[in-house]
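To start, the structure itself, in structure tokens.
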Amino acid sequence: MLPLPEFTVHTPASVDEAVALLAKLGPGAMLLAGGTDLLPNMKQGLHAPAHVVSLQRLGALRGVRREGDALVIGAMTTLDAVAGSAEAKTHAAALAEAAAVVGGPQHRRMGTLGGNLCLDTRCRYYNQTAFWRGALGYCLKKDGDTCHVVEGGRKCVAAASNDTAAAAIALEATVVLTGPAGIRRLPAADFFVADGARNTARREGELLTALEVPVRAGRVSVYEKLRRRGAIDFPLLSVAVRLDREDGSARALDVVISALAAKPRRLAAAQKLGAADLATLPIDTLADAALRECNPLPNIEGDVVWRKQMVRVLVKRALGRATSLA
Ligand SMILES: Cc1cc2nc3c(=O)[nH]c(=O)nc-3n(C[C@H](O)[C@H](O)[C@H](O)COP(=O)(O)OP(=O)(O)OC[C@H]3O[C@@H](n4cnc5c(N)ncnc54)[C@H](O)[C@@H]3O)c2cc1C
Ligand code: SF4
């Protein structure tokens with residue numbers, strides 16, 4: 001069993017106290033929510049913070065509540081609670097479905113929405129012990145200067161492997177961050193950035209406090225995930241779809257595909273559809289377009305040719321389910 005390195009735990013009782021602590025401790029400190037990803041990563045030597053700021057006492061960041069025309073989900077809400085929330089299932093179904101398929105039951109009971117949205121990217125050459133990585137000379141993302149996925153690559157392309165990311169983008173959600181400069185709101189689509197070494201726009205000293213999901217009449221959304229086993233495994237590919245209907249016909253469609261590279265990808269072909277196309281949703285055409293647009297990398301496990309073919313299958317499945325629900 002791999003031991004945890006030594007570190008000091010801080011347990012602030014309020015968001016203000018947490019922000020002040022982060023400012024005082026500096027960039028060497030890391031936030032801990034459920035710890036289901038951070039602690040295994042620390043055991044593998046991927047992070048070695050001298051100080052860990054636990055958010056466990058921040059009860060104000062737990063829960064799903066309706067505020068006007070938005071669903072506000074606190075960052076410390078467990079994935080289990082998101083998956084089981086009647087409000088989330090009704091107004092943010094893709095998010096509830098995504099939360100329901102993260103890891104196994106224990107991960108979902110400890111793991112939080114904030115921790116999932118801020119999850120480190122994953123790569124078959126990175127999520128390994130220090131000994132394993134050292135044998136390969138490490139890599140660009142940590143301690144080395146080579147990328148083993150893209151020969152000669154100068155940018156890390158580790159994969160966004162958090163199930164809720166694609167759903168948050170498809171649902172046009174807003175990420176709420178609190179830091180030394182106050183509160184900052186970012187569309188989920190801008191929160192994730194295409195850099196596997198650090199794939200969120202979260203600034204030093206900020207913590208994610210909530211996700212705001214707009215509530216819209218006539219909206220349906222679904223989430224599909226590809227993984228080897230029906231539980232525990234991270235996504236090898238994932239697809240979130242949002243379909244907005246008005247007066248009986250589709251008005252807008254968003255298809256977000258993830259676990260390809262560091263940033264979930266919005267299907268361009270879906271964004272370009274006009275009202276006429278949406279009237280009779282061209283599911284096969286969109287699935288074919290997704291197959292052309294998406295090129296999985298050998299960054300996570302799973303044969304790339306299989307993962308690419310499964311883009312078409314998953315997009316078709318998700319669109320079929322969304323249209324039947326609508
Ligand atoms: C065996 C196994 C299987 C797993 N399978 C999946 C899976 O299928 N899908 C999946 O998505 N994940 C999976 N995970 C990863 C993890 O369990 C989940 O992503 C979980 O949601 C992480 O949440 P957490 O609260 O435990 O985060 P933590 O581990 O506490 O933190 C994760 C990261 O987010 C940062 N962070 C946490 N909260 C905040 C905040 N409020 N503001 C800013 N930064 C924050 C931490 O500093 C850390 O970098 C798996 C993990 C294991 C060990
Ligand atoms: S994509 Fe390249 S740089 Fe990034 S973690 Fe994998 S091997 Fe390292």
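Just so it is clear, the values below take in all heavy atoms, side chains as well, and ignore hydrogens, waters and symmetry mates. Along the sequence shown, residues carry numbers from 1. We count ligands from 1, going down the list as the structure has it; atoms in each ligand are counted the same way.
At least one N/O/S atom of Cys156, from backbone or side chain, sits under 2.8 Å from atom 4 (Fe) of ligand 2.
Using a non-hydrogen distance threshold of 4.0 Å, Gly196 does not register as a contact of ligand 2. Contact annotation: Leu79 has at least one heavy atom less than 4.0 Å from an atom of ligand 1. Heavy atoms of Asn299 stay at 4.0 angstrom or farther from ligand 2. Residue Lys225 places a heavy atom less than 4.0 Å from ligand 1.
Counting atoms of ligand 1 from 1 in the listed order, those under 4.0 Å from a heavy atom of Leu119 are 15 (C), 19 (O). Taking every non-hydrogen atom of Leu207 and a distance limit under 4.0 Å, the qualifying atoms of ligand 1 come out as 42 (N). Residue Met30 has at least one heavy-atom neighbour below 4.0 Å for each of these atoms of ligand 1: 49 (O). Close approach of ligand 1 to Arg202 (heavy-atom distance below 4.0 Å) involves ligand atoms 43 (C), 44 (N). Applying the 4.0 Å criterion to heavy atoms of Ser161 picks out, from ligand 1, the atoms 9 (N), 10 (C), 11 (O). Taking every non-hydrogen atom of Gly111 and a distance limit under 4.0 Å, the qualifying atoms of ligand 1 come out as 23 (O), 24 (P), 25 (O), 26 (O). Applying the 4.0 Å criterion to heavy atoms of Ile232 picks out, from ligand 1, the atoms 1 (C), 3 (C), 4 (C), 5 (N), 8 (O). Close approach of ligand 1 to Leu38 is summarised as follows: ligand atoms under 4.0 Å from at least one heavy atom of the residue are 29 (O).
No option in Arg307, Arg124, Arg228 other than Arg228 meets the side-chain hydrogen bond (donor to acceptor under 3.5 Å, both in side chains) test with Glu301.
For Leu113, no heavy-atom contact with ligand 1 is shorter than 4.0 Å. Proximity of Thr209 to ligand 1, defined as any heavy-atom pair under 4.0 Å, is not found for any part of the residue. Neither the backbone nor the side chain of His47 has a heavy atom within less than 4.0 Å of ligand 1.
Cys123 SG, 2.4 Å is the protein heavy atom nearest to atom 6 (Fe) of ligand 2. In this structure, atom 8 (Fe) of ligand 2 lies nearest to the protein heavy atom Cys139 SG, 2.3 Å.
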